[in-house]
Amino acid sequence: MMEEQEETETEPLYQDAADSHVRRKNPKKGFLEMMLRPIRWLKMLSEELHWSFVLGVVIVYGISQGFGVGLSRVSTQYYMKDEQKLQPSQAQFLIGLIHFPWIVKPLWGLLTDVVPILGYRRRPYFIFAGFLGVISMLVLSLHKNLHLGFALLSLVAGSAGIAIADVAIDACVTQHTISHPSLAGDMQSLCGMSSSVGALLGFSLSGFLVHLAGAKGVFGFLIIPSSLLVLVGILLRESHVRNFAYGRVKEKFLDASKAMWTTLKCRDVWRPCLYMYLSLALGLHIHEGMFYWYTDAKDGPSFSQEIVGSIFSAGAVGSLFGVLLYQNYLKNHPFRDILFWAQLLSGISGLLDLVLVLRINLKLGMPDYFFVMIDEAVSRMIGRIKWMPFLVLSSKLCPSGIEGTFFALIMSIDHIGLLSSAWSGGLVLHMLNVTRTQFDNLWIAIIIRSLLRLIPIGFLFLIPRSDPNLSILPPEMLSTKRVNDVLEPENTEMATLVFASD
């Protein structure tokens with residue numbers, strides 16, 4: 001018996017050695033295996049979670065959020081700077097307002113979880129999100145001399161469309177995280193990888209398109225990603241809700257709110273949420289100050305639209321590399337260990353901007369463009385490595401029955417942190433008198449930001465040190481029974497996503 005066991009245990013070792021020998025002997029086969037690995041990974045996810053779920057993630061995260069946001073970020077910055085003639089601090093404040101729909105994500109989550117439309121809980125919201133994005137981008141692209149207030153309203157509406165679609169797909173991700181906890185890291189890697197690849201393509205084209213068609217022309221091009229959200233709502237098969245009692249919507253809203261509050265009071269939930277807020281809020285967002293300096297002809301390197309787009313695309317490459325690092329080497333490490341090093345490296349990497357602004361790189365013989373590309377790639381890679389554990393951890397904090405709503409609540413807490421970071425960064429830029437043409441004190445803002453990024457390390461005790469592949473919540477919160485009967489299981493789970501064999 002022992003001999004058979006030893007033979008069984010050693011056989012895979014011999015097989016691995018043989019495979020390794022074959023790869024060394026036939027490098028073409030080894031290269032082919034490496035190229036086929038992502039395809040097999042996607043096939044595995046499609047078989048375990050259903051192909052429509054994978055397609056939805058790719059469209060929402062890859063095309064709408066990745067590619068679309070990649071294009072809109074550069075076009076919005078140039079629109080604020082050149083069309084609306086705003087100061088850096090003003091632009092940063094208004095760009096923070098544009099992300100307000102992400103702060104009220106629990107509202108979208110409650111609607112998708114509690115209020116079906118025409119018998120469906122997800123599909124109508126994808127369609128609505130797509131039409132909202134199409135209309136807002138049409139207004140921005142076709143209206144000449146649009147007042148700042150109406151322009152801001154259109155940008156907020158476009159952001160709301162992306163946020164609503166994000167909530168709908170996040171609900172699917174969270175449902176699968178509960179039913180397949182061992183695939184939580186793979187699902188977030190799929191989301192992150194889709195977003196990073198899409199952002200790479202979006203940023204790569206953004207500068208060229210802004211130069212060719214202007215910021216408003218790029219807004220017109222953004223109709224395409226919004227239209228694909230409508231396609232998701234049309235193609236996605238979902239179980240039909242029968243005999244839904246719309247008269248009980250208010251009661252269900254109250255029950256869901258009580259369930260969220262009960263979960264949020266759990267010690268294993270509020271502590272990580274508090275850390276995520278502190279980590280993001282203390283990041284001190286000063287990107288608009290850096291962007292204005294990048295494009296300044298006197299004090300800065302005076303980068304063109306194409307170069308600015310290529311810089312952001314380098315950041316997307318770094319972000320993608322961060323996802324790959326997490327997926328292949330870090331996803332099984334404790335959250336606390338990853339966040340310690342990510343937070344430390346985030347503070348240190350922030351000083352690269354100081355080298356650039358003080359022109360030390362030129363004294364060392366390093367051109368601005370080359371140095372900025374490295375700076376952006378490294379910063380985005382570290383940021384993605386820090387963000388991935390946040391996503392995995394957030395998906396594990398959601399109780400059954402209100403998955404989409406509670407995940408949206410956690411994400412809204414994170415976006416409140418990002419908004420706090422943006423507004424505090426804008427306040428710092430204003431206090432230091434960093435304007436469209438004045439950058440003498442920009443280096444002080446960079447030092448303040450780097451020091452603040454180190455403070456969250458002292459709060460890492462709020463993060464659980466549990467196995468990232470295991471559930472965090474108590475078993476009673478993860479049962480398929482709906483909390484307070486807020487939702488009926490047969491009505492909320494998408495047949496094609498949860499029951500792949502049907």
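All values derive from a computational prediction rather than experimental measurement.
Side-chain atoms of Lys331 do not come within 3.5 Å of backbone N or O of Asn328 as any donor-acceptor pair. Within the 3.5 Å criterion, the main-chain N or O of Ser204 finds no donor-acceptor partner in the side chain of Ser313. With hydrogens and angles ignored, the 3.5 Å screen pairs no side-chain donor or acceptor of Ser64 with any backbone N or O of Tyr61.
The number of heavy-atom neighbours closer than 6.0 Å to CZ of Phe208, taken from other residues, nucleotides and ligands shown, is 12 or below. Shown here is Met431, whose CE atom has no more than 12 heavy atoms of other residues, nucleotides or ligands within 6.0 Å. Other residues, nucleotides and ligands contribute only 12 or fewer heavy atoms inside 6.0 Å of the CZ atom of Phe321. Within a 6.0 Å radius of NE2 in His333, more than 12 heavy atoms belonging to other residues, nucleotides or ligands are found. Atom CZ of Phe461 has more than 12 neighbouring heavy atoms from other residues, nucleotides or ligands inside a 6.0 Å radius. Within a 6.0 Å radius of CZ in Phe303, more than 12 heavy atoms belonging to other residues, nucleotides or ligands are found. For CZ of Phe371, the number of neighbouring non-hydrogen atoms (other residues, nucleotides, ligands) closer than 6.0 Å is greater than 12. The number of heavy atoms from other shown groups lying within 6.0 Å of NE2 (His430) does not exceed 12.
Applying the side chain to side chain donor-acceptor pair (under 3.5 Å) rule to pairs touching residues 438-448 yields Gln438-Asp440, sequence neighbours excluded.
Side-chain contact between Leu148 and Leu94 is present, with at least one heavy-atom pair separated by less than 4.5 Å. With contacts defined as side-chain heavy-atom distances shorter than 4.5 Å, the pair Leu442/Leu429 qualifies. Within the 4.5 Å cutoff, the side chain of His287 has no heavy atoms near those of the Ile95 side chain. The shortest distance between side-chain heavy atoms of Lys81 and Leu86 does not fall below 4.5 Å. Taking the side chain as every heavy atom from C-beta outward, Ile385 and Trp341 never approach each other to under 4.5 Å.
When ring centroids are compared, Phe93 and Trp423 come within the 6.0 Å threshold.
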Side chain to side chain contact (heavy atoms under 4.5 Å, CB included) evaluation trace for Cys273 with Ile410: CA-CA 7 Å; Cys273 291; Ile410 298 176; 4.1 Å; yes
Full working for side chain to side chain contact (heavy atoms under 4.5 Å, CB included) between Ser279 and Lys386: CA-CA 10 Å; Ser279 177; Lys386 187 179 82 168; 3.3 Å; yes
Determine, step by step, whether Phe390 and Leu339 satisfy the side chain to side chain contact (heavy atoms under 4.5 Å, CB included) criterion, reporting the C-alpha distance in whole Å, the side-chain angles of both residues, the deciding distance to 0.1 Å, and the verdict. CA-CA 9 Å; Phe390 283 174; Leu339 291 173; 3.6 Å; yes
Phe203 and Ile311: CA distance, side-chain angles, deciding distance, side chain to side chain contact (heavy atoms under 4.5 Å, CB included) verdict: CA-CA 8 Å; Phe203 284 130; Ile311 290 171; over 6 Å; no
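Residues passing the salt bridge (Lys or Arg N to Asp or Glu O under 4.0 Å) test with Arg267, sequence neighbours excluded: none.
Gln305 and Tyr78 are not linked by any side-chain donor-acceptor pair at a separation below 3.5 angstrom, with hydrogens and angles left out of the test. Looking at Ser302 and Tyr294, their side chains never bring a donor and an acceptor atom within 3.5 Å of each other. Ser159 and Trp102 are linked by a side-chain donor-acceptor pair at a separation below 3.5 angstrom, with hydrogens and angles left out of the test. Side-chain contact annotation: Ser319 with Arg380, donor-acceptor N/O pair under 3.5 Å absent.
Note: Phe219 and Tyr79 have perpendicular aromatic rings, judged against thresholds of 30 and 60 degrees for the angle between ring planes.
A cation-pi arrangement, defined by a distance under 6.0 Å to the six-membered ring centre and an angle within 45 degrees of its axis, is absent between Arg384 and Tyr326.
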